[in-house]
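To start, the structure itself, in structure tokens.
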Number of protein chains: 2
Amino acid sequence: MPTPHYGLPRYRVIAEELRGRIRSRAIDQLMPTETVLMQEFSASRGTVRQALAVLREEGLIATAPGRGSYVREAHNESHVRKREDEVFAPSDLAELFGLPQGARLRVNETIVLRAGAAHTVTRVYRRLSDQGPC
Amino acid sequence: MPTPHYGLPRYRVIAEELRGRIRSRAIDQLMPTETVLMQEFSASRGTVRQALAVLREEGLIATAPGRGSYVREAHNESHVRKREDEVFAPSDLAELFGLPQGARLRVNETIVLRAGAAHTVTRVYRRLSDQGPC
DNA sequence: AGAAATTTGTCCGTATGTATC
DNA sequence: AGATACATACGGACAAATTTC
């Protein structure tokens with residue numbers, strides 16, 4: 001099989017599916033083993049592990065060597081969503097950065113969700129020219 | 001080659017080495033390409049990418065497809081300005097918090113200044129009912 | 001306690017897709 | 001269009017931690 005990832009990458013699709021199961025609590029505590037997930041999604045181990053890494057980074061699961069991946073109950077109703085975006089700087093921010101009106105800024109947003117609603121929203125603004133890819 | 005990882009895993013060793021270079025600024029902006037790192041450390045692409053993923057998660061670098069990995073570190077002396085305020089929630093934030101239009105939010109703002117202009121602006125929004133950090 | 005089976009962790013090699021220069 | 005660089009995906013192999021018998 002080639003490697004067509006036209007839409008979402010396969011590991012993202014798998015992660016999305018597993019995320020839904022976790023939220024609906026179809027999986028109570030212990031997740032299926034990587035081998036089982038490989039068979040279910042007809043994916044390689046690396047791809048499955050990549051999907052699990054996404055959930056791990058979101059704090060939805062925790063993985064222990066030799067045991068498996070567990071749903072983190074404490075974070076079951078509290079997880080984090082991160083995204084990076086470019087926005088047009090509001091006047092106050094433009095002034096702070098010493099940029100002209102209408103300039104664009106890079107913003108990293110972290111949303112901590114609890115029980116469906118935001119608990120904290122953190123936004124970090126930077127210049128496009130500063131560090132990192134832009 | 002077998003897979004002897006008696007001490008630290010190889011990708012951890014590579015990450016440690018790169019971290020040191022970043023901190024000593026031997027790498028100013030653009031990191032070596034993955035191919036170069038493969039040759040330098042005689043490691044496979046996957047291992048190199050695993051090392052870079054560590055640094056990326058630490059926020060030390062940022063990677064862009066087709067371009068490369070850039071150093072992303074706020075390393076230097078800089079002024080920090082902090083303030084706390086209450087603001088009327090913009091519609092997008094109100095929705096995230098599950099609050100009605102016109103609701104108020106508490107915002108903690110941290111401005112890192114460099115050479116007079118803002119380097120980063122961090123804004124943390126919370127409900128008024130939430131007390132303290134976290 | 002010991003051995004075997006299970007499960008995750010690490011590493012390699014290859015191939016192809018996608019983004020950028 | 002071509003070259004370069006990162007992203008995704010597969011397969012195989014062995015190591016290390018845990019559980020099971």
Side-chain angles (χ1 to χ4, degrees), chain A residues 1-18 22 27-57 59-72 82-86 106 128-129 131-134, chain B residues 1-18 22 27-57 59-72:
Chain A
M1 217 75 111
T3 313
H5 48 284
Y6 291 107
L8 273 178
R10 307 212 347 123
Y11 77 93
R12 291 277 178 193
V13 176
I14 297 174
E16 189 65 43
E17 166 65 22
L18 295 179
I22 290 175
I27 304 173
D28 57 338
Q29 299 256 348
L30 192 56
M31 305 267 296
T33 68
E34 294 176 356
T35 306
V36 171
L37 292 176
M38 284 172 63
Q39 295 163 352
E40 176 180 351
F41 293 101
S42 300
S44 73
R45 183 144 176 253
T47 301
V48 167
R49 285 178 59 79
Q50 217 169 343
L52 293 176
V54 171
L55 304 179
R56 202 176 306 123
E57 216 166 315
L60 288 176
I61 65 173
T63 307
R67 300 214 284 159
S69 292
Y70 291 81
V71 174
R72 294 182 70 177
K82 294 188 179 184
R83 70 183 183 90
E84 183 172 286
D85 201 3
E86 286 183 16
R106 187 154 48 81
L128 295 184
S129 56
Q131 34 180 277
C134 54
Chain B
M1 222 84 81
T3 313
H5 51 283
Y6 291 106
L8 272 179
R10 303 206 45 200
Y11 75 93
R12 291 280 177 191
V13 175
I14 296 175
E16 188 66 43
E17 167 65 21
L18 295 179
I22 291 175
I27 304 172
D28 57 339
Q29 297 262 346
L30 191 57
M31 304 267 297
T33 68
E34 293 176 354
T35 305
V36 170
L37 292 176
M38 285 171 64
Q39 296 164 351
E40 176 179 351
F41 292 102
S42 301
S44 74
R45 187 176 194 76
T47 301
V48 167
R49 284 179 59 79
Q50 219 170 342
L52 292 176
V54 171
L55 303 179
R56 201 176 306 123
E57 220 167 309
L60 287 177
I61 65 173
T63 308
R67 287 205 254 170
S69 292
Y70 293 78
V71 173
R72 178 185 193 173

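Per chain, numbering begins at 1; letters A, B, ... match sequence-line order.
Contact annotation: B:Y11 reaches the phosphate of C:dT10 (side-chain N/O to OP1 or OP2, under 4.0 Å). Of the side-chain N and O atoms in B:R10, one or more sit less than 4.0 angstrom from OP1 or OP2 of C:dC12. A close approach under 4.0 Å does occur between a side-chain nitrogen or oxygen of B:T47 and OP1 or OP2 of C:dC12.
Taking 3.5 Å as the limit, the base of C:dG9 and the side chain of B:R12 contain no donor-acceptor pair of atoms between them.
As rounded to whole Å, 10 Å separates atom C1' of D:dA9 from atom CD1 of A:I14. A straight line from CD of A:Q39 to C1' of C:dT6 spans 13 Å, rounded to a whole angstrom. Computed from coordinates, the A:L30 CG to D:dT20 P distance equals 11 Å when rounded to whole Å. For the pair B:R56 CZ and D:dA5 C1', the computed distance is 13 Å after rounding to whole Å. The separation between B:L52 atom CG and D:dA5 atom C1' is 12 Å, rounded to whole Å. The separation between A:I61 atom CD1 and C:dT8 atom P is 10 Å, rounded to whole Å. Rounded to a whole Å, the CE atom of B:M38 is 14 Å from the C1' atom of D:dT4.
In this structure, the nucleotide among D:dA9, C:dA19, D:dA17 sitting nearest to the side chain of B:P65 is C:dA19. With C:dC12, D:dT8, C:dT10 as the candidates, the nucleotide lying closest to the side chain of A:P9 is D:dT8. The side chain of B:R67 approaches C:dC21 more closely than any other nucleotide in the set D:dC6, C:dC21, D:dC10. Here the side chain of B:E34 is nearest to one of C:dG9, D:dC10, D:dA7, namely D:dA7. Considering only the side chain of B:T63, D:dC6 comes nearest among D:dC6, C:dC11, D:dA9.
Nearer the 5' end of DNA chain D, as judged by each residue's closest nucleotide, is the contact made by B:R45, out of B:R45 and A:G66. Sequence order on DNA chain C of the closest nucleotides to A:R49 and B:S42 puts A:R49 first from the 5' end. Nearest-nucleotide positions on DNA chain D place A:A43 closer to the 5' end than the other of A:Y70 and A:A43.
Contact check for A:V71 versus A:L60: no side-chain heavy atoms found under the 4.5 Å cut-off.
A:G46 comes within contact range of no nucleotide atom at all, as no heavy-atom separation falls under 4.0 Å.
Using a 4.0 Å cut-off between charged side-chain N and carboxylate O, A:R45 and A:E34 make a salt bridge.
B:R67 contributes atom CZ, which lies 10.0 Å from atom CG of B:L30 (distance to the nearest 0.5 angstrom).
A donor-acceptor contact shorter than 3.5 Å links the side chain of B:R10 to the backbone of B:F41.
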- Message: Please determine whether side chain to side chain contact (heavy atoms under 4.5 Å, CB included) holds for the pair B:I61 and B:Y70, giving the CA-CA distance in whole Å, both sets of side-chain angles, and the decisive distance to 0.1 Å.
- Response: CA-CA 5 Å; B:I61 65 173; B:Y70 293 78; over 6 Å; no
